Amino acid sequence: MKKYFRFIFKSCLAFILLSILWVLFYKYTNVSVTPMMVIRKLQSKNEYVIKHQWVPLSKISKALQLAVICSEDQRFISHHGFDKKAIEKAMAEHKLGKRLRGASTISQQTAKNIFLWPQRSWIRKGLETYFTFLIETFWSKKRILEVYLNSIEMGDRIYGAEAAAKFWFNTSANALNKDEAAAIAAILPNPIRFLANPPSGYIQKRKEWIKTQMRNYGTLVLKKE
């Protein structure tokens, strides 16, 4: 029995140390591939060509940075990885009989995209919470947003801001204007199904809502490392 508990303890300790090293590695190293990219490629019956090009946050327009925050996580700057108000609101709505919606922050989405798999399960959710805590501890908000904008799916086989800007609007991530940025942010709930250009009526409404939120939010200020 002692050997069993000793094995469990050593295994847990090894996992913690390795996960911390993994998070620290990505604090300074660009993320060239994610589990989602690998899974999509394995699931595809045809040739799967990924469009992805890493660019520093300084080369991603402030409009897109603000648009994704306003559409996905408006308390990103102030929370520590988890938006308690959004979680409480989602639970309250669920008790009233509404469909349980997600309340994942940009930090949680980043942790899932970089370190985990997309399918929902209690195990994945637990690991997502753990890795969210780690990146909020060891990374800055600037780094979290940089990794997020370079790794999320922004269309079919399109990953990251630079590839999305070229695919949807034939421009660079740095040159995206407010309207284009809002259009890309509008499709994030389902980037395989929705089109940023030309937008459907639903995406057009989402885009206008995001632009209103951007005006209300004001100037985005991220602390330096």
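Small disclaimer: the values here were computed from a predicted structure and weren't measured.
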message = Check this for me: L21, atom CG, are more than 12 non-hydrogen atoms of other residues, nucleotides or ligands nearer than 6.0 Å?
response = yes
task = Test side-chain contact (heavy atoms from CB on, under 4.5 Å) on L145 and V68 and set out the steps.
result = CA-CA 9 Å; L145 186 61; V68 298; 4.2 Å; yes
key: Set of side chain to side chain contact (heavy atoms under 4.5 Å, CB included) partners for I192, sequence neighbours left out   = R40, E153, D156, N190
task = Apply the test side-chain contact (heavy atoms from CB on, under 4.5 Å) to residues V23 and F133: give CA-CA distance (whole Å), side-chain angles for both, the deciding distance (0.1 Å), then the verdict.
result = CA-CA 11 Å; V23 168; F133 169 76; over 6 Å; no
query = How long is the gap from OG on S78 to NZ on K141, to the nearest 0.5 Å?
reply = 7.5 Å
Would you tabulate the side-chain donor-acceptor contacts of residues 56-64 under 3.5 Å, counting partners in other chains and residues two or more places apart, or write 'none'?
from	atom 1	to	atom 2	distance (Å)
S61	OG	L64	N	3.1
S61	OG	L176	O	3.4

note = The complete set of salt bridge (Lys or Arg N to Asp or Glu O under 4.0 Å) pairs with one or both residues in residues 166-189, sequence neighbours excluded, reads E162-K166, D179-K207, D179-K211
key: Cluster link F115 to I20, ILVMFWY, side chain under 4.5 Å   = yes
task = To the nearest 0.5 Å, tell me how far I144 CD1 sits from I114 CD1.
result = 11.5 Å
key: R124: partners by side chain to side chain contact (heavy atoms under 4.5 Å, CB included), with sequence neighbours left out   = K112, L116, W117, R120, S121, E128
request  = Considering only NZ, NE, NH1 and NH2 on the basic side and carboxylate oxygens on the acidic side, decide whether R143 and E146 come within less than 4.0 Å.
outcome  = yes
Joint cluster assignment, I123 & I16, ILVMFWY side-chain distance < 4.5 Å = yes
ask   = Can you name the nearest heavy-atom pair linking Y48 to R157, along with the distance?
value = CE1-CG, 3.4 Å
query = Who passes side chain to side chain contact (heavy atoms under 4.5 Å, CB included) against R6, sequence neighbours left out?
reply = K2, K3, K10
key: F25 and V31, any side-chain heavy atoms less than 4.5 Å apart   = no
note = Contacts of A111 meeting side chain to side chain contact (heavy atoms under 4.5 Å, CB included) (sequence neighbours excluded), chain-then-number -> F131, T132, I135
note = CE of M154 to CZ of F167, rounded to nearest 0.5 Å, is 13.5 Å
task = Mind listing the closest non-hydrogen atom pair of C70 and Y217 along with its distance?
result = SG-CB, 3.7 Å
task = List the atom of P118, the atom of M36, and the distance in Å for their closest heavy-atom pair.
result = CB-CE, 3.6 Å
Point-to-point distance, once rounded to the nearest 0.5 Å, from CH2 of W139 to OH of Y28 = 11.5 Å
key: Shortest non-hydrogen contact between S71 and A185, atoms and distance   = OG-CB, 3.7 Å
ask   = Closest heavy-atom contact between A173 and A165?
value = N-CB, 3.5 Å
task = Establish whether Y202 and W168 are linked, either directly or via other cluster members, by ILVMFWY side-chain heavy-atom contacts under 4.5 Å.
result = yes
query = Should I50 and I39 be regarded as members of a common hydrophobic cluster, given that ILVMFWY residues are connected when their side-chain heavy atoms come within less than 4.5 Å of each other, either directly or indirectly?
reply = no
Side-chain touch D73/Q109, heavy atoms, less than 4.5 angstrom = no
request  = Look at atom OH of Y26 and say whether more than 12 heavy atoms of other residues, nucleotides or ligands are closer to it than 6.0 Å.
outcome  = yes
Stepwise side-chain contact (heavy atoms from CB on, under 4.5 Å) check, K125 with Q108 = CA-CA 9 Å; K125 199 63 181 178; Q108 288 174 275; 4.0 Å; yes
task = Report the distance from atom CD1 of I106 to atom CD of Q74, rounding to the nearest 0.5 Å.
result = 10.0 Å
ask   = What's the shortest heavy-atom distance between S107 and F76, and which atoms?
value = OG-CE1, 3.8 Å
message = Is it true that S19 and Y130 share a donor-acceptor pair across their side chains at a distance under 3.5 Å?
response = yes
query = Taking side chain as C-beta onward, heavy atoms only, is L195 less than 4.5 Å from I187?
reply = no
task = Apply the test side-chain contact (heavy atoms from CB on, under 4.5 Å) to residues I69 and L220: give CA-CA distance (whole Å), side-chain angles for both, the deciding distance (0.1 Å), then the verdict.
result = CA-CA 9 Å; I69 286 175; L220 174 64; 3.6 Å; yes
request  = Supply the atom-to-atom distance L18 CG to W22 CH2, rounded to the nearest 0.5 angstrom.
outcome  = 10.0 Å
ask   = Any side-chain heavy atom of F169 sitting closer than 4.5 Å to one from N197?
value = yes
Cluster check F138, I77: I/L/V/M/F/W/Y, side chain < 4.5 angstrom = yes
